[in-house]
2 protein chains.
Amino acid sequence: MKLTSKGRYAVMALVDLARFNNINPVSLRDISLRQGISLDYLEQIFLKLRKKEIVQSVRGTQGGYILNKKAKEIKLINIFEAVDEKVKTVQCKKESKKGCNGKAVKCLTHNLWDELENHINNFFDKKSLEDLVKDNSERRVSNG
Amino acid sequence: MKLTSKGRYAVMALVDLARFNNINPVSLRDISLRQGISLDYLEQIFLKLRKKEIVQSVRGTQGGYILNKKAKEIKLINIFEAVDEKVKTVQCKKESKKGCNGKAVKCLTHNLWDELENHINNFFDKKSLEDLVKDNSERRVSNG
DNA sequence: TATAAACCCGACTAAAATAGTCAAGTATCT
DNA sequence: AGATACTTGACTATTTTAGTCGGGTTTATA
Ligand code: FES
Ligand code: FES
């Protein structure tokens, strides 16, 4: 079970964006440099974030991206959904009555994985971008 | 973020094993047939489970595997560790002071992923094989 | 004591997913 | 005009996963 770079980068980039989001749009170039993420890859990621209306783009010189909602209203789960970083624990199709092994009954562990999926998604439901930004600036202060 | 087949199969096979664990060892062949998991793959998995002393093997005809501990004492986390199904959310080495981007400081999201990892492992810490077996027989009863 | 069932183990491989790169745009500011 | 920056689709290398395969060894039992 591991988190992919795409999901990790999406969140990292948005935290960066949210911190500098005051007045001017933030360019991917800047995020790329600050966070050490490939610019080309960031573009792919932000395309999706824009399509899901998490960010807005500003084209041209001095352009970049700005948040499309308040940081408080952007939850981790929204970010992950936008970039297709799904939590997938069951093997079968949930709606189907068939199990993962093709049999007519759900497998011995189906319910366990379903519980797990909920458990993880709960975490993502609660965390907002605002939380992350705050968390970070607090840490910075307390570190000196 | 998804669960791999190896981890899923390991748990599935052990639940199966635990249910039939009364007197005689359970052969992988039987588990393979009941659960629809490749026998060769199961052998790989059980090799690891044995090395981590979760199961014991009985060689020869009529052989198979038996649990090496009480089902209550086998936690999901032990199973996952045994088959190397680690939960990995941070990118960096935790012990190192360096961040995932190679910089001298942990990245903006490090703490978040660390929290997530704990959140997930908590779930695995709590669930025992016994829970899973019970869960399953209850379901069976209440369904029929 | 031959045979078959079952575990033991290392090496190999096909397929899928991931993590990018690349190329060719379009819009906007100065 | 030129530079900056977003837009988009296609392509590719690498890694991981999910097995397969082949050749063992051990042991019950006919
Ligand atoms: S995971 Fe749903 S039936 Fe096995
Ligand atoms: S995940 Fe640990 S520093 Fe980025």
Side-chain angles (χ1 to χ4, degrees), chain A residues 1-13 17 20 24-68 80 83-89 91 100-101, chain B residues 1-13 17 20 23-33 35-52 54-66 68 80 83-89 91 100-101:
Chain A
M1 284 217 90
K2 70 183 167 212
L3 192 64
T4 67
S5 289
K6 193 165 55 176
R8 185 180 295 109
Y9 289 166
V11 177
M12 210 185 288
L17 173 53
F20 289 88
N24 301 314
V26 180
S27 73
L28 293 189
R29 198 180 124 77
D30 286 353
I31 298 180
S32 164
L33 289 174
R34 277 194 295 257
Q35 304 305 327
I37 304 170
S38 144
L39 178 57
D40 282 317
Y41 204 19
L42 272 179
E43 287 181 341
Q44 280 188 41
I45 290 170
F46 272 75
L47 183 66
K48 294 184 180 197
L49 292 173
R50 182 172 62 79
K51 285 190 175 158
K52 289 298 168 70
E53 301 182 335
I54 291 177
V55 296
Q56 263 190 337
S57 69
V58 179
R59 301 183 69 160
T61 322
Q62 311 287 24
Y65 287 92
I66 53 178
L67 292 183
N68 199 25
F80 274 14
V83 300
D84 308 309
E85 173 85 21
K86 304 183 191 95
V87 175
K88 184 160 170 38
T89 56
Q91 178 79 338
C100 53
N101 38 27
Chain B
M1 280 217 93
K2 71 182 165 213
L3 192 65
T4 67
S5 288
K6 192 165 56 176
R8 185 180 295 108
Y9 290 166
V11 177
M12 209 185 287
L17 172 53
F20 290 87
I23 309 153
N24 301 316
V26 180
S27 74
L28 293 188
R29 199 180 123 77
D30 286 355
I31 297 181
S32 164
L33 289 173
Q35 304 304 327
I37 304 171
S38 144
L39 177 58
D40 283 317
Y41 204 18
L42 272 180
E43 287 183 341
Q44 279 188 40
I45 291 170
F46 273 74
L47 185 65
K48 295 184 180 197
L49 292 173
R50 182 173 60 79
K51 286 191 176 159
K52 290 297 168 69
I54 291 177
V55 296
Q56 263 188 339
S57 69
V58 179
R59 301 186 70 160
T61 322
Q62 311 287 23
Y65 288 90
I66 54 178
N68 199 24
F80 275 14
V83 299
D84 308 308
E85 173 84 22
K86 304 184 190 95
V87 175
K88 183 161 172 28
T89 57
Q91 178 78 339
C100 54
N101 38 27

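Chain naming here is simple, since letters A, B, ... match the order of the sequence lines and numbering starts at 1 in each. Note that the structure is predicted; figures quoted are calculated from it, not measured.
Rounded to 10 degrees, the angle separating the terminal helix axes of the helix from C/dT1-D/dA30 to C/dT30-D/dA1, each built from five base pairs, is 10°.
Across D/dA28, D/dA18, D/dC6, the shortest atom-to-atom separation from the side chain of A/Arg59 is found for D/dC6.
The closest side-chain heavy-atom distance from B/Ile66 to B/Val55 is not below 4.5 Å. By the 4.5 Å heavy-atom criterion applied to side chains, A/Val87 and A/Thr89 are counted as neighbours. Looking at heavy atoms from C-beta onward, A/Val26 lies in side-chain contact with A/Arg34 at the 4.5 angstrom threshold. A heavy-atom distance below 4.5 Å is not found between the side chains of A/Gln62 and A/Ser27. Residues B/Pro25 and B/Tyr65 have side chains not in contact (no heavy-atom distance under 4.5 Å, counting atoms from C-beta outward).
The salt bridge (Lys or Arg N to Asp or Glu O under 4.0 Å) test applied to B/Asp40 returns no partner, not counting sequence neighbours. Shown here are the salt bridge (Lys or Arg N to Asp or Glu O under 4.0 Å) partners of B/Lys48, two or more places apart in sequence or in another chain: B/Asp84.
Following rounding to the nearest Å, A/Lys6 (NZ) and C/dA16 (C1') show an atom-to-atom distance of 14 Å. Here the P atom of nucleotide C/dA6 and the CG atom of B/Leu47 are 18 Å apart, to the nearest Å. Distance B/Glu85 CD to D/dT16 P: 14 Å, rounded to the nearest Å. Rounded to whole angstrom, the span from the NZ atom of A/Lys2 across to the P atom of C/dT18 amounts to 10 Å. The OH-P distance, from B/Tyr65 to C/dA6, rounds to 12 Å in whole Å. What separates CG of A/Leu33 from P of D/dA5 is a distance of 10 Å, to the nearest Å. One interatomic measurement links the two molecules: CZ of B/Arg8 to C1' of D/dG19, which rounds to 15 Å at whole-angstrom precision. In this structure, B/Ile45 atom CD1 and C/dC7 atom C1' are separated by 15 Å, rounded to whole Å.
Between the side chain of A/Asn68 and the backbone N or O of A/Gln56 there is no donor-acceptor pair closer than 3.5 Å. Not a single donor-acceptor pair under 3.5 Å links the side chain of A/Ser32 to the backbone N or O of A/Ser38.
If you check residues 49-58 of chain A against DNA chain C, you find no residue with a heavy atom closer than 4.0 Å. Less than 4.0 Å separates DNA chain D from no heavy atom of any residue of residues 23-32 of chain B.
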(request) Could you walk me through whether B/Val83 and B/Phe46 pass the side-chain contact (heavy atoms from CB on, under 4.5 Å) test, one step at a time? (result) CA-CA 9 Å; B/Val83 299; B/Phe46 273 74; over 6 Å; no

(request) Before giving the answer on side-chain contact (heavy atoms from CB on, under 4.5 Å), spell out for B/Arg8 and A/Gln91 the whole-Å C-alpha distance, their side-chain angles and the decisive distance to 0.1 Å. (result) CA-CA 9 Å; B/Arg8 185 180 295 108; A/Gln91 178 79 338; 3.1 Å; yes

(request) Evaluate the criterion side-chain contact (heavy atoms from CB on, under 4.5 Å) for residue pair A/Met1 and B/Lys88; output intermediate values, then yes/no. (result) CA-CA 6 Å; A/Met1 284 217 90; B/Lys88 183 161 172 28; over 6 Å; no

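Note that the CG atom of A/Asp30 and the CG atom of A/Leu42 stand 11.0 Å from one another [nearest 0.5 Å].
Using a 4.0 Å heavy-atom criterion, one finds that B/Lys48 contacts no nucleic acid atom at all.
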Every protein N/O lying under 3.5 Å from an N/O of nucleotides 20-22 of chain C:
| residue | atom | partner | partner atom | Å |
| --- | --- | --- | --- | --- |
| C/dG20 | OP2 | A/Tyr9 | OH | 3.0 |
| C/dG20 | N7 | A/Gln44 | NE2 | 3.3 |
| C/dT21 | OP2 | A/Ser38 | OG | 2.6 |
| C/dT21 | O4 | A/Gln44 | NE2 | 2.5 |

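Contact of B/Thr61 with D/dT27 (side chain to base): a donor-acceptor pair of N or O atoms is detected under 3.5 Å.
Note on ring orientation: taking the six-membered ring where Trp is involved, the planes of A/Tyr41 and A/Tyr9 are perpendicular (angle over 60°, cut-offs 30° and 60°).
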